[in-house]
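Below you will find the structure I want to go over with you.
Counting starts at 1 for both ligands and their atoms, in listed order. Any value given below was found using the heavy atoms of this structure, including those in side chains, with hydrogens, waters and symmetry copies removed.
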Amino acid sequence: MILVMGGAGYIGSHTVKHLLDNGYQVVVADNLIYGHRAAVDARAAFIHADLLDPYSLDQLFNKFEISAVIHFAAFAYVGESVQEPQKYYFNNVQGTLNLLRAMLSHGVKDIVFSSTCATYGEPVYTPIDEKHPQNPINPYGRTKLMIEQIFADYERAYGLRHISLRYFNAAGASADGSIGESHNPETHLIPLVLKAIKGECKAISIFGTDYDTPDGTCVRDYIHVEDLALAHRLAVEKLKDYSGCINLGTGIGSSVKEIIVAAEQVSGKKCPVEYGPRRAGDPAKLFADNQKAKTILGWNPQYTHIQDILRTAWNWEVNKRY
Ligand code: UDP
């Protein structure tokens, strides 16, 4: 059985569905602070557990026959991590240490982890491969880098098997419309653009138009959440002979303006726009070199056109259940 920590969150819930669709048995543990109970597939077992409560973790490992863990449970608001680093270091780093202790004391040595391209910090070159220097510029990115480093030490000392998947910008929703993205507060570009189109907010504010990019707005690599889910299953299957870090992105960059145009095409409606200043800490361009994921995991992203990603996001945005 696979334990999915944080399986009620955005990427976690899509991974749970994908695992179940591919014949795996799954137990989801989540504290439901940011996750949604309704996002958890009815075929999965569900346990209310918190990484900061070692007792609840022990109970989990006592109750279920767990062979591997996929670990999504983390706080992930960059701005908040600057204001409240303590919350991030405790929840993300201490929480992962608690999880590792529970795993090792129950003989579980396989973990796939949600890492992030935020561990790279300001890019020195693009596309970004896994050898790119890691100099995160906020506490959120630092928590993820620390955990990657902890895994390497635990591998040497305790034989931990680990794959850290460094996501670029997760986007979209399940093709069948059953689950999707729902953050509160919402800070991400694509859902905010779709909400502006729906009239739920006045306009989308474009954070900076004077970047050194073709249209002056920031370029990011938007990777479909179902492609991420697939990569997690492939990573679990690969743990027996590989440990390390792997980028997950399409390798294609889209600018903020391109996202807005694609959202207008997909929805058939105009998006109200306003122009704001740059957001602190936003690099001009981030996109992945994804060769390692292709070679090591045999992974190939299926969604390589931004319109196709936005179509699933729009379908979810107009029919969302939670
Ligand atoms: N962005 C924007 N307006 C918004 C939110 C985001 O212009 O209201 C831009 C942001 O500057 C970045 C891109 O959209 O270049 C993606 O931001 P998001 O917060 O979705 O993801 P991040 O790249 O920060 O992980």
Please could you name the atoms of ligand 1 that T187 approaches to less than 4.0 Å, counting only its heavy atoms? 5 (C), 19 (O)
Side chains of S115 and E148: donor-acceptor distance under 3.5 Å anywhere? yes
Suppose I only count heavy atoms of N169 and a 4.0 Å limit; which atoms of ligand 1 are within that range? 16 (C), 21 (O), 22 (P), 23 (O), 25 (O)
Which atoms from ligand 1 have a heavy atom of L192 less than 4.0 Å away? 8 (O)
Exercise: do D153 and Q149 side chains pair donor with acceptor under 3.5 Å: no
Heavy atoms from other residues, nucleotides or ligands near NZ of K269 exceed 12 (cutoff 6.0 Å): no
Taking the inter-plane angle between the rings of Y303 and H224 on a 0 to 90° scale, is it parallel (under 30°), tilted (30 to 60°) or perpendicular (over 60°)? parallel
As a quick check of understanding, evaluate side chain to side chain contact (heavy atoms under 4.5 Å, CB included) for E122 and N135, giving each step before the final call. CA-CA 7 Å; E122 186 67 41; N135 292 307; over 6 Å; no
For the pair W299 (side chain) and D227 (backbone), establish whether a donor and an acceptor sit closer than 3.5 Å, ignoring hydrogens and angles. yes
Closest to atom 15 (O) of ligand 1 (judged by heavy-atom distance), picking from A284, A280, C218: C218
Close-contact set for ligand 1 against I206 heavy atoms, below 4.0 Å: 7 (O)
With no hydrogens and no angle check, just 3.5 Å: does a side-chain donor-acceptor pair link R166 and Y120? yes
Could you tell me whether Y34 and H183 have their ring centroids closer than 6.0 angstrom? no
Atoms of ligand 1 under 4.0 Å from any heavy atom of S205, numbered from 1 in the order shown, are 2 (C), 3 (N), 4 (C), 7 (O), 8 (O)
Suppose I only count heavy atoms of H188 and a 4.0 Å limit; which atoms of ligand 1 are within that range? 18 (P), 19 (O), 20 (O), 21 (O)
Location of contacts on R279 toward ligand 1, heavy atoms closer than 4.0 Å: side chain
Contact partition for L286 relative to ligand 1, non-hydrogen atoms under 4.0 Å: neither
Below 30° counts as parallel, above 60° as perpendicular, anything between as tilted: where do the rings of Y88 and Y140 land? perpendicular
Please confirm whether I190 comes within less than 3.5 Å of ligand 1 when only nitrogen or oxygen atoms on both sides are compared. no
Looking only at protein heavy atoms, which one is nearest to atom 1 (N) of ligand 1, and how far off is it? F207 CD1, 3.6 Å
Which of the atoms in ligand 1, numbered in the order shown and given with their element, are less than 4.0 Å from a heavy-atom of V256? 7 (O), 9 (C), 14 (O)
Please work out which of the three classes, parallel, tilted or perpendicular, describes the rings of F72 and H232, given edges at 30° and 60°. tilted
Nearest-contact summary for atom 20 (O) of ligand 1 - protein heavy atom, Å: L189 N, 2.8 Å
Looking only at distances, please establish whether an N/O atom of ligand 1 is found under 3.5 Å from an N/O atom of D282. yes
N or O pair under 3.5 Å between Y222 and ligand 1: no
